[in-house]
Amino acid sequence: MNNLYKYLITLGSVVAFASPVVAQEAESLDAKVNAAFSALTGPFVSLIFAPIPGTSFPWIVMWLVIAATIFTFYFSFVQLKFFKHAISLVKGDYSDPNDAGEVSHFQALATALSGTVGLGNIAGVAVAVGIGGPGATFWMILAGLMGMASKFTECTLGVKYRNEYEDGTVSGGPMYYISKGFKERGLPGGKFLAVLFSIFCILGALGGGNMFQANQAHAQISGIVGDYPGWITGIVFAAVVYIVIVGGVKSIARVTEKVVPFMGVLYVGAALIIILMNYDKIGWAFGQIFTGAFTGLGVAGGMVGALIQGFKRAAFSNEAGVGSAAIAHSAVKTKEPITEGFVSLLEPFIDTVVICTMTALVITISGQLIVDPSTGNYMLNEGGSAIATVGGTSGVALTSAAFASAFSWFPIILAVAVVLFAFSTMISWSYYGLKAWTYLFGEGKTAELTFKIIFCIFIVIGAAASLGPVIDFSDAAIFAMAVVNITGLYFLMGVVKSEFNSYKERLASGEIKKFTH
Amino acid sequence: MTTTLVVGLDGGGSGDRALAYAKRMAGLIGDCSLLIVYVIEWSPYSFQTPEENEMRHKRREEEIATALERVVDPAVAALTKAGVKAKGMVRHGHVADTLNAISVEVGADQIIVSRSSADGIVKRIFGSSTANLVMSADVPVTVVG
């Protein structure tokens with residue numbers, strides 16, 4: 001059935017767009033785009049991922065880990081102590097009924113989540129596990145748990161220092177809290193950092209929020225219908241995104257926003273079923289994750305390799321410390337900015353600790369990663385750069401193959417999910433990028449249109465380029481945002497602390513209480 | 001003690017019948033004030049795009065202004081003119097729950113609504129707000145046909 005379907009679609013696509021000559025020209029166009037892109041972005045990527053002298057450990061990963069650790073201790077494990085309170089806030093227990101009709105905590109969280117839950121959870125995890133082995137999962141979960149504190153800090157500030165305009169609209173995010181917060185505290189350089197953040201945010205929006213999504217969506221579609229040039233997917237995607245963000249056809253975005261959560265539930269549901277079907281392997285899989293975390297199990301780079309991959313992909317997936325969520329969360333209606341901080345700390349939990357772990361477990365359990373029977377360690381592929389997989393898959397194709405080992409039809413659902421996730425992430429990031437763009441160039445129709453058109457062009461480039469350079473650039477741009485954002489957070493975390501202490505006191509005294517519904 | 005009656009309007013034509021009935025009851029009771037409520041159906045658990053969130057506060061103000069202008073204010077003005085004590089209110093939320101919550105909050109003696117003007121498939125799946133109200137209200141409900 002599956003083969004017949006594949007055959008029919010392949011036949012269709014061959015007839016439709018691929019006479020040999022056209023295909024050859026298209027291939028060379030893809031190759032040209034690819035070469036030009038890697039040459040252009042290479043230096044930036046090398047700078048961001050430069051190793052700490054004398055080690056192979058990228059300094060940027062250390063930067064994120066240290067920040068998350070500092071915030072975790074500075075707010076004395078807020079992610080554990082206020083987890084229940086966060087859920088209570090999302091349920092609306094503390095929402096004033098007179099504010100009904102404003103953006104609720106639930107809506108702000110859901111909007112932010114639809115920007116982060118996506119390919120990072122499906123493709124990114126496969127990259128982490130494919131290179132770092134199952135042990136990368138352990139570091140990924142740890143990074144997710146610690147990242148909750150970073151998210152808490154940035155989203156509280158996002159709401160506190162947002163701009164509220166006379167017409168009732170709001171704009172928030174790191175560029176606003178850095179410039180306003182620094183000014184308020186009499187610190188120099190706020191404006192400079194805000195501008196720098198905005199530049200990186202635009203690059204991040206074009207990279208991880210756009211090209212990586214287009215690239216992996218294409219990989220997924222071509223995995224099902226057979227190989228065809230990437231720019232075709234790119235143009236189709238770009239056209240749809242253009243209709244939504246420039247044409248203002250909100251219905252498409254609204255449908256996606258509603259379908260994406262169901263896809264998320266379906267994805268986690270399918271993963272759970274596969275895990276339960278292989279219940280005898282659950283213990284073994286966790287064993288692999290723990291042992292692999294500290295020994296590497298023969299993976300390239302050993303324990304450090306697993307750790308780097310785990311932290312990198314966790315940060316890329318949940319964006320804690322990056323600052324993007326602060327833009328999404330700042331629209332919420334609340335008199336207490338800190339409440340949005342509590343709510344936002346659920347985001348890395350759902351994204352990384354729950355969804356990413358599901359993907360990692362399914363890949364590990366499915367046996368897609370080839371183990372050397374004589375040593376029990378993982379075998380490396382020919383280049384020695386990643387673990388050898390059944391069929392030589394990587395990225396989203398690896399996840400797809402892992403799910404297909406249980407349900408042969410799953411790749412089709414996954415393709416639909418990937419396309420929708422990619423699309424909703426693009427819509428979210430087009431907004432983040434636009435906010436940064438208008439911060440730099442001012443609000444105005446021409447400025448907005450310019451950015452939106454650039455955004456659509458990058459979709460085509462992203463779909464045409466190969467995974468390597470795209471993922472490098474995407475990571476680099478997003479991590480560059482974190483460099484500036486976290487610098488700002490260090491200077492402003494005192495503000496969050498005093499909000500936090502005041503809230504805790506009022507919660508204990510009963511001044512802040514639940515509304516009965 | 002003043003008797004308070006809550007009148008729920010949905011902006012449809014049937015609301016006039018509920019208003020007329022409430023007015024008559026107010027006349028019969030004597031010391032009676034009417035609270036005219038319009039609930040804009042809204043859920044805090046819906047999914048929205050970042051752009052919709054950004055505009056939400058503005059939209060909410062616009063929705064309230066429109067409901068006041070088109071439905072609530074004219075009704076209150078007509079009642080006041082006829083010598084009936086009346087106030088108006090617009091809220092967002094689940095229609096039945098919100099009407100009930102407001103009635104409990106103001107200590108209303110009765111809720112007056114008209115038979116729902118929604119019909120077709122939506123009503124079949126979700127039931128009408130009126131039916132939901134009748135089944136869940138903590139205050140006596142009068143449904144005007």
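To find a chain, count down the sequence lines: A is the first, B the second, and so on, and within it residues start at 1. Here the structure is a predicted model, which means the values were calculated and not measured.
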What part of Thr98(B) is in contact with chain A, defined as an atom under 4.5 angstrom from a non-hydrogen atom: side chain, backbone, both or neither? neither
Interface moiety of Glu63(B) toward chain A, non-hydrogen atoms closer than 4.5 Å: neither
Count the heavy atoms belonging to other residues, nucleotides or ligands that lie under 6.0 Å from NZ of Lys23(B), then report whether that count exceeds 12. no
OH of Tyr165(A): more than 12 outside heavy atoms within 6.0 angstrom? yes
Provide the full list of salt bridge (charged side-chain N to carboxylate O under 4.0 Å, His left out) pairs with a residue in residues 73-98 of chain B, sequence neighbours left out, each pair given once. Asp31(B)-Lys85(B), Arg91(B)-Glu105(B)
Any idea which heavy atoms bring Ser428(A) and Pro50(B) closest together, and the distance? CA-CG, 4.2 Å
I'd like to verify something: which residue of Glu51(B), Arg59(B), Met55(B) has the highest number of heavy-atom pairs under 4.5 Å with chain A? Glu51(B)
His57(B), Arg56(B), Glu54(B) screened by side-chain contact (heavy atoms from CB on, under 4.5 Å) with Thr169(A), the one that passes: Glu54(B)
Reported CG-to-NE2 distance for the pair Asn98(A) and His92(B), which is rounded to 0.5 angstrom: 12.5 Å
Would a distance-only check, ignoring hydrogens and angles, find a side-chain to backbone donor-acceptor pair under 3.5 Å from Thr111(A) to Gln48(B)? yes
Anything in residues 100-109 of chain A with a heavy-atom distance to chain B below 4.5 Å? Please list those residues in order. Ala100(A), Gly101(A), Glu102(A), Val103(A), Ser104(A), Phe106(A), Gln107(A), Ala108(A)
Hey, which of Ser424(A), Pro261(A), Ser114(A) is the one that makes side-chain contact (heavy atoms from CB on, under 4.5 Å) with Phe47(B)? Pro261(A)
Nearest atoms (heavy-atom pairs only) where Tyr45(B) meets Gly92(A): OH-N, 4.3 Å
Please flag which part of Val90(A) lies under 4.5 Å from any non-hydrogen atom of chain B: side chain, backbone, both or neither. backbone
